[in-house]
Number of protein chains: 2
Amino acid sequence: MQIIPLGGLGEIGKNCTLIRLGGEVLVVDAGLMFPDEEMLGIDLVIPDFRSLADLGVLRGIALTHGHEDHIGALPYLLQRVQAPVYGTPLTLGLAGRRVEQTPGAPRMKGSPVQPRHPLRIGPFEVEFVHVNHSIPQSCAVVVRSPAGTVVCSGDFKFDHTPIDGAPTDFARLAEIGEAGVGVLLMDSTNVERPGYSPSERAVGDALDEIFARARGRILVTTFASNVHRIAQVFRAAEHHHRKVAVAGRSMVDTVTIASKLGVLRVPRRTLVPLEQLRRLHGAQVVILTSGSQGEPLSALTRMAAGTHRMVTIQPGDTVVLSASPIPGNEAMVNRTINQLYRQGADVIHGAEVHVSGHAYQEELKLMLTLLRPMFFLPVHGEYRHLVLNQQLATAVGVPKERTLLAENGLVVGVSPTHLDRAGTVEAGNVLVDGLGVGVGAVVLRDRQHLAQDGVLIALVAIDRQSGELLRQPDIVSRGFVYMRESGELIEEAKKRVRDAVTQSRERGVTEWGAVRAAIRETLGRYLFDQTHRHPMILPLLVEV
Amino acid sequence: MQIIPLGGLGEIGKNCTLIRLGGEVLVVDAGLMFPDEEMLGIDLVIPDFRSLADLGVLRGIALTHGHEDHIGALPYLLQRVQAPVYGTPLTLGLAGRRVEQTPGAPRMKGSPVQPRHPLRIGPFEVEFVHVNHSIPQSCAVVVRSPAGTVVCSGDFKFDHTPIDGAPTDFARLAEIGEAGVGVLLMDSTNVERPGYSPSERAVGDALDEIFARARGRILVTTFASNVHRIAQVFRAAEHHHRKVAVAGRSMVDTVTIASKLGVLRVPRRTLVPLEQLRRLHGAQVVILTSGSQGEPLSALTRMAAGTHRMVTIQPGDTVVLSASPIPGNEAMVNRTINQLYRQGADVIHGAEVHVSGHAYQEELKLMLTLLRPMFFLPVHGEYRHLVLNQQLATAVGVPKERTLLAENGLVVGVSPTHLDRAGTVEAGNVLVDGLGVGVGAVVLRDRQHLAQDGVLIALVAIDRQSGELLRQPDIVSRGFVYMRESGELIEEAKKRVRDAVTQSRERGVTEWGAVRAAIRETLGRYLFDQTHRHPMILPLLVEV
C-alpha cells in the first residue's frame, strides 16, 4: 500500500491525500488553496492532479468535510478523472454546489454516507467517523484493506459540549484503535498551542453576555460555513428577544441550505428580511452578516465603508467579529475594524468571541492515545508544525523511527513492519486565473516585474530598404513614471533609442533580435541612472 | 498654540508632530512608513511635508529616538526646510547616517541633548526625559511655552529592571506633572494588551536557559537597533563561555556604532570574526545575525536557504528569533522558520524570547497618573487604538470632553481651557520609489492593473494615404497568458483588431483616439470571454 500527500501552499498533505493499493486509488479530500501575496492576479491554487491517472484506476473520492480547502479543487479533479464522491449530506451538498458553479466541470456523482456505516470502495473498506470541527458533519476517514488500516483524522477537535450534542465519536475511535491502526495521518494546525481548545459553547456564553449588555443593534459576522456559530447567534437572539436579519450572499446561502438540510434550527419568527429592520428598534435587532475576513465586496466591509444599500453603521451599534483572520487577511480585517470605530460602533473581536476548530496539543495526544497507531504521519501544517507533531507523537510513545516527515508528492510505502520513502510523484501547485488552469512561471514573473516597475514600450519604425529610422521613436509607458510629468526623461529616452538603432546599424548589426537587445540595454541603463527603477522594456520594431 | 499630527499609514500621529506658536514651528520626529501590500513597487512612504513651509518658520526638529519610523523621513524633510536637529547622541548618530545615505539630502546640523537639561528652540523650552524603549537613549519630549506645556510621550514603556540600569525617569515625569501639563500626546500601540509589558530582562533569563541547554551552535537574531537585546546576547555568551560572531551588515553596523558610543559593552575576547568559527566547536559558538523579519537578502534568510557564504545550518543548531514579525512580514518569517527546521535546526521564537518596547494598559495608566494632563490626545496607533486609549484615559479620570481623536493633518487648537478642531493641513502620504519622491495615484493604479492581468499591446500599421492596414496587426503580451501556448487566442485577437480598424473606417471614423477606443473595446470583450481576465490593452497605431 502507498500513501501520497498532495497539495498545500507551504503546508504538507493539507488538501488531498492519495491511498493506493495495487492499481487502485482512493482520494481523500480535494481542496484548494488561496494564492499567497506573490501570486499576482491568481484566483486560486489547486493540487497538481496530473499524476493521478498514471497511478491507477480512481475508485472514489472521500471528503472529510465541506470546507473549501478540502472540497474546492473537486471540479478540477473531476475534469481529469471521473469517480464517485463520498461524504456526509452537508459535505456533498457544498461540494456539489462548487462543481456546478465551475464552468466546464462534469456532473458530480455523489454518494451520501453515514458515520459508523462502512462501505466498499474498490479494494478498500471505508468508514466515516464523526468528529467535531467548525462545520457540521465533519468526519475522520478510516480506510481498511488487506494491507492494513489507515486513519485520516481530517480537521478535528474534541468538544465535550458541542452545539449539536454530538461529541467526536470517542467510542468508535477507541474500538478502531483496539482493532489495530496501521497508519495515522493527523492534523498539525494547532500543534503549537498547549492545552485544550475551548468548546464552541464558550462563544455562546460570550455572545449571551454581549447580547445582555448591548443597548443598540448587534451585528455579528463569522465564517459563512460555521453553522454551529450561526446557530448560537440565533439562540442568543431568541433568548434576548431580538430578531435576526441576514446580510451577504454567502451567509444567506448557508442559512438557507443548512436549515433545509436540518443542520441549522432557526427559531420560529426570529428571522426577518433585511428590509424590515427599519420598523424595529435597535434593541430588537441582530444583523448576521458575511465579511469576517474584511473581503472588499462583502456586506460588512460595505457597511463599514458606508456603501451598503440597506445598513448604515451608527453610534450605539455593537459589532462582533466572531472569527480569526486567515493569515494574509489581517490588514483587510484591521481596516474594517478601524472603519467601524470611525462610524461610532463598538467592536468586539479576538479570542473572547472565537474558538478554533482544530485540536490543541492535549487533544492531539488524546487522538494518538485512542488510536495507538503503528506508524504516524503528521500532515495539515507547515514543515515546522509537522516536526512538532512528530515530537508530540514520540512523547506519547510512538517510536521516532515509526514516524515520517513527508513532503507533498512523496510516495510513502506502507508494509506491516515499515513506513518508507518509495519515490515521488509530480506535486506542484497549479495556479488558476480566470478560466486559465495552470498559469506558468513566466507569466507570474512578468506580472511581478510589471507590478514593481511598470512597462515601457519603445516603438521604432524602420525603412525596409535603407534600414533607416522613418521617424522619431515613440515611447509609451504605464506604471513606471507619470508620463505627463516626465517630459524631459521621455524625450531623452527617445534620443537614446534612436542612438541605439543608429549605432547598431553603423556596427553592421541588422538582425532584429540584436537591435532590440541594444535598445533594451541602452534604455535600461539610462532609466536606472535617472530613476533607480528597472521597468520592463519592450522594443517594438516596425519595418515598412 | 496648535498641535498637528502628521504621517502614519493607517496610523495617526505616528511619525511626525508639529507644534506651532505664532509663526514658529517645532517638529517632533520625522519618521518613515513601510509601504502596504497595495503600494506596488514603492520603497518607502513619508509624511507630506508640503504644508510645513506655509505654517511658519521651522525652528528645530526634536527626535525622540532612533527608530526608522521616527527618524527615517528626516532627509526628505531637510530637503524642503533646513533646521537644527536635536536628540540624544545615539539618536543623532543614526539620524545623521540616514541623511548621509540619501542622495540629494543636505548636511544635518545636529545638536546633542542631555535628558533633564532644557534648551531653548524658538519660543519653546524643550526638555528631553529618559524613557525605556527597545532602543537606548529614548526620550519623551516636553515642550513648554507661554501657551502651556505639551508632552509627547514618544515610544515608551516602564521597565523596573532595564539592561542599562536606567528606568524611565519617574521622578522627573512626576515633577513635570506637578508643575502642570496642558496636553499629553501618548503612544497607543499596545493599548489592547492588559497588564504590564514584561521587562527586557525577562528575555535575558530566557536566553540564559536556552544557552545552558544547547549542545550545538546557537544563532540569535533580533532587530539590529535593539542594542539592549544584543547586550544580553553578549552577556549570556560570556556567562556560558561562548564566543560571538556577528553576521549581516545592519547587525555589524550596530555592534560597531553602539560600542563606539559606549551604549554597548562587548565583553573582552568574546567577539570573534565569522571566518574563525570553523576553528571552534559548536558548543563554543554564538552567531548574532540580522534577518529577524525574514528579509529576502538578510544573513539569516540566506543561511536558512543554504546560500550563505560562511554559515551552513546543521542538525544540532539552535536558532532563536528574538523579535516579533512586523505586520506584513509574517509570511517571510514563517518561511525562514520552516527552512531552518528543514535544515535540522531547533527553532525558538515567540513570546518566550521577545518582549515589546511599548507600554501595556497599566503602564499607560501610570503615565497618565504621573502627568495628570489637562487635555489628552491619543497618538501612535490605528483609529481603534486611539478610541481605546481615549477610553483608558477617561477611566483614569480625564473627562472625555478634554480628549480629542485627531486624524493626520488635523490642526488641534490648544488654549488653557479648550482643545478644539481648528482646521486641517495637507497630510497625505508621499510615496518614494527609487529616486522618485511622490509617485502618483495613476502610476500606482496602472501597476495594480498590470500586476493582476498583465499587458497586451496591439500594434497596427496604417497607410497614411488610404487609411488601410499595411499588414496583419501584431500582438505582444506580458503577464497575461503564455504567448507560446496561446497561438489560437492571439491569432483570433489579431483578427478582431483588424476587424475593429476596418469597421471604424467603414463607419467613417478616422480620429485616432476613436480607433484606439474601438480596438480596446473589441479586444477587451473578446479576451474576457475567452479568459475571464482584463489585461491592460495598449493599441499602438503607426501611420506610414
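Keep in mind that what you see is a predicted model, and the values were worked out from it rather than measured. Convention: sequence-line order gives letters A, B, ...; per-chain numbering from 1.
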Go through it in stages, so that I can follow the logic: the residues are A:Lys400 and A:Gln390, the test is side chain to side chain contact (heavy atoms under 4.5 Å, CB included), and I'd like the CA-CA distance, side-chain angles, deciding distance and then a yes or no. CA-CA 8 Å; A:Lys400 194 175 172 189; A:Gln390 182 190 37; 4.0 Å; yes
Side chain to side chain contact (heavy atoms under 4.5 Å, CB included) between A:Glu11 and A:His380, worked out: CA-CA 6 Å; A:Glu11 292 184 274; A:His380 296 198; 5.6 Å; no
Side chain to side chain contact (heavy atoms under 4.5 Å, CB included) for A:Ile519 and A:Leu541? Distances and angles first, verdict last. CA-CA 10 Å; A:Ile519 294 173; A:Leu541 306 189; 3.9 Å; yes
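Between chain A and the options B:Glu330, B:Arg335, B:His385, heavy-atom pairs under 4.5 Å are most frequent for B:Arg335. Heavy-atom pairs under 4.5 Å with chain B peak, among A:Asn338, A:Asp474, A:Val476, A:Thr531, at A:Asn338. Of the residues considered (A:Val442, A:Val443, A:Ile337), A:Val443 shows the highest number of contacts with chain B, using heavy-atom pairs under 4.5 Å. Between chain A and the options B:Gly454, B:Gly434, B:Gly328, the largest number of non-hydrogen pairs under 4.5 Å is found for B:Gly434. Among A:Leu540, A:Asn334, A:Leu386, the residue making the largest number of heavy-atom pairs under 4.5 Å with chain B is A:Asn334. With chain B as the partner, the residue from A:Gln530, A:Gln448, A:Arg471 showing the most heavy-atom pairs under 4.5 Å is A:Arg471. In terms of heavy-atom pairs under 4.5 angstrom with chain A, the leader among B:Val439, B:Asp453, B:Asp43, B:Leu444 is B:Asp43. For the set A:Glu407, A:His449, A:Glu192, the entry with the most heavy-atom pairs within less than 4.5 Å of chain B is A:Glu407. Most heavy-atom pairs under 4.5 Å with chain B: of the set A:Leu538, A:Leu405, A:Val347, A:Leu470, this distinction falls to A:Leu538.
Contacts of B:Leu489 with chain A are absent, with no heavy-atom separation under 4.5 Å from either backbone or side chain. In this structure, chain B has no heavy atom under 4.5 Å from any part of A:Gln339. Looking at A:Asp529, the atoms closer than 4.5 Å to chain B (heavy atoms on both sides) all sit in the backbone: N, CA, C or O. At a 4.5 Å heavy-atom cutoff, the contact between A:Leu388 and chain B is made by side-chain atoms alone. A:Arg445 does not touch chain B: none of its heavy atoms, backbone or side chain, sits under 4.5 Å away. Interface remark: A:Leu340 contributes no atoms to any contact with chain B (heavy atom separation under 4.5 Å). Proximity to chain B is limited to the backbone of A:Val481, based on heavy atoms less than 4.5 angstrom apart. The parts of A:Asp433 that come within reach of chain B are both its backbone and its side chain, each placing non-hydrogen atoms under 4.5 angstrom from that chain. At a 4.5 Å heavy-atom cutoff, the contact between A:Arg533 and chain B is made by side-chain atoms alone. Residue A:Phe480 touches chain B through its backbone alone, counting heavy-atom pairs closer than 4.5 Å. Heavy atoms closer than 4.5 Å to chain B are found in the side chain of A:Val387, but not in its backbone. With a threshold of 4.5 angstrom between heavy atoms, A:His349 approaches chain B through side-chain atoms but not through N, CA, C or O.
Heavy-atom contacts from other residues, nucleotides or ligands closer than 6.0 Å to CD of B:Glu37 number more than 12. The 12-atom threshold is exceeded at CD of A:Gln101, counting heavy atoms of other residues, nucleotides or ligands nearer than 6.0 Å.
Judged by distance alone, with hydrogens and angles left aside, the side-chain atoms of A:Asn408 form a donor-acceptor pair with the main-chain N or O of A:Gly13 at under 3.5 Å. Of the possible donor and acceptor atoms, none in the side chain of B:Ser188 sits under 3.5 Å from a partner among the backbone N and O of B:Asn389. Of the possible donor and acceptor atoms, none in the side chain of A:Gln343 sits under 3.5 Å from a partner among the backbone N and O of A:Ile313.
Of the charged side-chain nitrogens involved, none lies within less than 4.0 Å of a carboxylate oxygen, so that A:Lys494 and A:Glu488 do not count as a salt-bridged pair.
Using a 4.5 Å heavy-atom threshold, the side chains of A:Tyr76 and A:Val430 count as separate. Annotation: side chain of B:Leu459 is not in contact with side chain of B:Ile475 (no heavy-atom distance under 4.5 Å). Residues A:Tyr341 and B:Glu382 are not in side-chain contact: their nearest non-hydrogen atoms beyond the backbone lie 4.5 Å or more apart. Put simply, the side chain of A:Val319 does not reach to within 4.5 Å of the side chain of A:Asp346, judged on heavy atoms.
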